[in-house]
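All remarks here apply to the structure that follows.
Start at 1 and go down the list; that is how both ligands and their atoms are numbered.
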Amino acid sequence: MKKVFLWLLIIAIAAVFSLAGCKAEAAEVVEKAVTEEVADIPENPLYKDASASIEDRVEDLLSLMTLAEKIGQMAQIDRMYVGGDVISEYYIGSVLSGGGSVPYDNTPEGWADMYDGFQEEALSTRLGIPIIYGIDAIHGHNNLVGATIFPHNIGLGATSDPDLVRLIAQITAIEVAATGMDWTFGPCITVPQDERWGRTYEGFSEDPELVAELGKAAIEGYQGDDLADSNTILACAKHFIGDGGTSGGVDRGDTICSEEYLREAYIYPYINALEVPVGSIMASFNSWNGVKMHSNSYLLTDVLKEELGFEGFVVSDWQGINEIDGSAREEMSRLDIETSINAGIDMVMIPNDYRGFINMLTELVNQGKVSQSRIDDAVRRILTIKFKLGLFENSYADRSNFGLVGCEEHREIAREAVRESLVLLKNEGSLLPLSKDLDSIVVAGSKADDIGSQCGGWTITWQGAVGEITEGTSILDAIKDTVSKDTIVTYSRNGTEVPPDADVAIVVIGEKPYAEYNGDDKDLLLYTPDKDTINNIRDAGIPVVVILISGRPMIITEEIDKWDALIAAWLPGTEGQGVADVIFGDNAPTGKLSYTWPRSIEQLPINDTDGSKGSLFPFGFGLTY
Ligand code: BGC
Ligand code: BGC
């Protein structure tokens with residue numbers, strides 16, 4: 001028995017000696033990490049001196065930071081994973097709200113309290129580097145109940161009005177900043193080429209020039225003249241690059257095209273964005289010719305940063321680096337991190353497994369697989385923006401503007417945007433505008449009395465929802481408020497109980513709310529109950545005005561002949577009054593299609609680049625009175 005034990009001991013010792021060679025390297029790596037010198041912080045460090053140049057402040061701060069502190073700056077986690085002292089323990093540099101990731105108290109005060117709590121923790125660390133908080137405020141401060149919700153970008157594209165888009169972004173910045181947040185993940189300057197894509201409505205247009213013009217205006221509105229102003233926020237142009245060009249309009253799919261086309265169609269709007277310049281850019285989930293964008297160092301580094309001179313930072317999309325190695329999106333691997341950071345991602349929207357991310361990136365640096373200079377470059381970019389935002393001087397929420405969230409003045413601008421976004425596609429016998437003095441009007445349709453459907457996805461929750469999800473004016477209420485007091489307005493959701501002698505019916509139909517891949521749709525057909533509603537009204541012999549609430553053109557070729565008038569209203573947001581303003585002639589329609597309207601699904605992709613040939617309505621179409 002004793003002998004066996006002795007032999008085992010000898011074998012074990014031999015094994016240790018034979019491994020010693022390769023172990024030496026690893027031991028050194030670990031030791032280096034452990035014994036890394038922590039620089040003493042001088043009494044009045046330069047980085048805290050607001051009168052010093054941002055460049056000097058960044059270099060000073062960088063020289064004091066440990067590897068752990070640097071890697072923390074590159075880590076972004078969702079607010080739902082912030083608990084205990086996660087922020088201070090891991091030196092987390094950024095927190096986000098994913099769609100619908102809201103504080104329990106979803107009020108301006110609730111948001112500001114949450115923000116200040118996170119900030120306090122970040123400031124309690126050795127160097128006291130504030131966090132930067134990002135949120136998808138993509139059509140107003142859209143996660144916050146009671147905020148002003150503007151039309152989604154497809155509607156703003158139809159206005160082709162850069163001044164209005166700039167103003168909307170400015171107002172959004174005021175409402176976002178009022179609750180503490182520093183940064184919006186917008187504007188989306190995608191150039192959607194195929195309406196089957198569920199994110200079509202996030203894009204202003206299929207036309208790169210219109211996208212470039214409106215995208216630039218939006219960035220100017222968010223960022224203002226000075227990022228340090230308390231009413232401005234950091235913008236984020238997304239998603240770089242080719243998100244709108246995936247084959248078949250499949251979300252997160254593959255964009256197959258030449259580099260020349262990639263530049264002309266998709267990179268083009270980024271050139272305008274860089275003129276402002278936009279402070280951050282988000283990488284895209286899609287691939288380009290089979291290579292995931294999150295791993296594409298040629299496009300992220302050589303083209304974007306070097307050739308185009310982008311000096312801000314690149315943030316990855318939600319778990320967007322995880323699939324680089326071919327594994328599931330939920331799993332982040334060393335290879336995912338190594339490839340994406342080396343490709344040029346500066347901040348990683350992890351958003352949950354921060355321990356794994358930090359441990360693996362630390363190892364990769366210690367093994368020399370990610371260089372110290374790449375880390376410094378990423379952190380330098382992030383810190384520069386934090387200084388520009390004035391976060392070191394004014395770290396906490398400025399609560400003086402709570403009263404502006406969802407205020408009348410902001411809603412007036414949203415209403416104007418709705419008016420300008422409407423596209424009149426058909427108006428048989430000049431049925432529109434309607435008189436406010438008609439005897440009897442029917443209002444029908446699944447979307448007539450539904451703020452949630454008007455707002456679409458990315459409203460209060462990620463996917464959006466039907467019903468009374470926030471404050472606003474439904475189209476039904478707007479109509480009732482507009483007509484004379486003697487006009488009888490009969491609301492019948494499915495058009496079955498209507499007075500046969502009604503003068504006209506306004507039928508509001510369209511898509512249910514959706515976001516991202518949940519909105520991918522192979523057919524783009526109207527829902528059967530919507531068609532039934534219209535048929536019920538036609539059977540009663542009443543002329544029909546259709547208002548279509550949708551995130552994109554739909555296939556209506558077989559239906560439109562039965563309608564007397566049609567207005568494409570896109571996803572107008574909370575201010576339904578803008579629709580009534582146009583129906584009853586207070587304002588004539590001015591909107592023009594920013595997407596070609598297909599005649600059949602087989603035609604897709606169909607775009608202005610092919611002259612909208614054979615379409616139902618060409619790009620730029622829009623009637624007026
Ligand atoms: C979307 C981005 C968004 C991010 C954070 C992702 O799934 O693609 O557009 O900014 O989530 O919510
Ligand atoms: C988040 C979204 C994000 C999505 C991506 C959701 O859970 O709330 O913001 O875009 O995941 O899958």
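The pair Lys292-Asp254 fails the salt-bridge criterion, with no side-chain N (NZ, NE, NH1 or NH2) lying under 4.0 Å from an Asp/Glu carboxylate O. A salt bridge does not link Arg252 with Asp317: every distance from a Lys NZ or Arg NE/NH1/NH2 to an Asp or Glu carboxylate oxygen is 4.0 Å or more. Under a 4.0 Å N-O distance rule, the pair Glu311/Arg381 does not qualify as a salt bridge. Salt bridge annotation for Asp377-Arg380: absent, with no cationic side-chain nitrogen under 4.0 angstrom from a carboxylate oxygen.
Close approach of ligand 1 to Trp318 (heavy-atom distance below 4.0 Å) involves ligand atoms 6 (C), 7 (O), 11 (O). Under a 4.0 Å criterion applied to the non-hydrogen atoms of Gly98, ligand 1 contributes the atoms 12 (O). Interface atoms of ligand 1 facing Lys238, defined by a heavy-atom separation under 4.0 Å, are 2 (C), 3 (C), 9 (O), 10 (O). For ligand 1, the atoms closer than 4.0 angstrom to any heavy atom of Phe185 are 10 (O). Listed by number with element, the atoms of ligand 1 under 4.0 Å from a non-hydrogen atom of His239 are 2 (C), 8 (O), 9 (O).
Classified by interplanar angle (parallel below 30°, tilted 30° to 60°, perpendicular above 60°), the ring pair Tyr261/Tyr266 is perpendicular.
At least one heavy atom of Met282 sits less than 4.0 Å from an atom of ligand 1.
Checked against a 3.5 angstrom limit, the closest N/O atoms of Trp458 and ligand 1 fall outside it. Residue-to-ligand polar distances place Glu516 within reach of ligand 1: an N/O pair is separated by less than 3.5 Å.
Across Leu96, Thr184, Asp317, Asn143, heavy-atom proximity to atom 6 (C) of ligand 1 is greatest for Asp317.
Trp458 places no side-chain N or O within donor-acceptor distance of the main-chain N or O of Gln463, the cut-off being under 3.5 Å.
For Phe240, the ring-ring contact (aromatic ring centres under 6.0 Å, His included) partners at least two apart in sequence or on another chain are Tyr270.
Contacts with ligand 1 closer than 4.0 Å are made by side-chain heavy atoms of Arg199 only, the backbone lying farther away. Using a 4.0 Å cut-off between heavy atoms, Trp462 makes no contact with ligand 1 at all.
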Can you list, pair by pair, the side-chain donor-acceptor contacts under 3.5 Å of residues 348-361, counting residues two or more places apart and other chains?
unit_1 : atom_1 : unit_2 : atom_2 : d
Asp353 : OD1    : Gly356 : N      : 3.0
Arg355 : NE     : Tyr90  : OH     : 2.8
Asn359 : ND2    : Arg355 : O      : 3.3

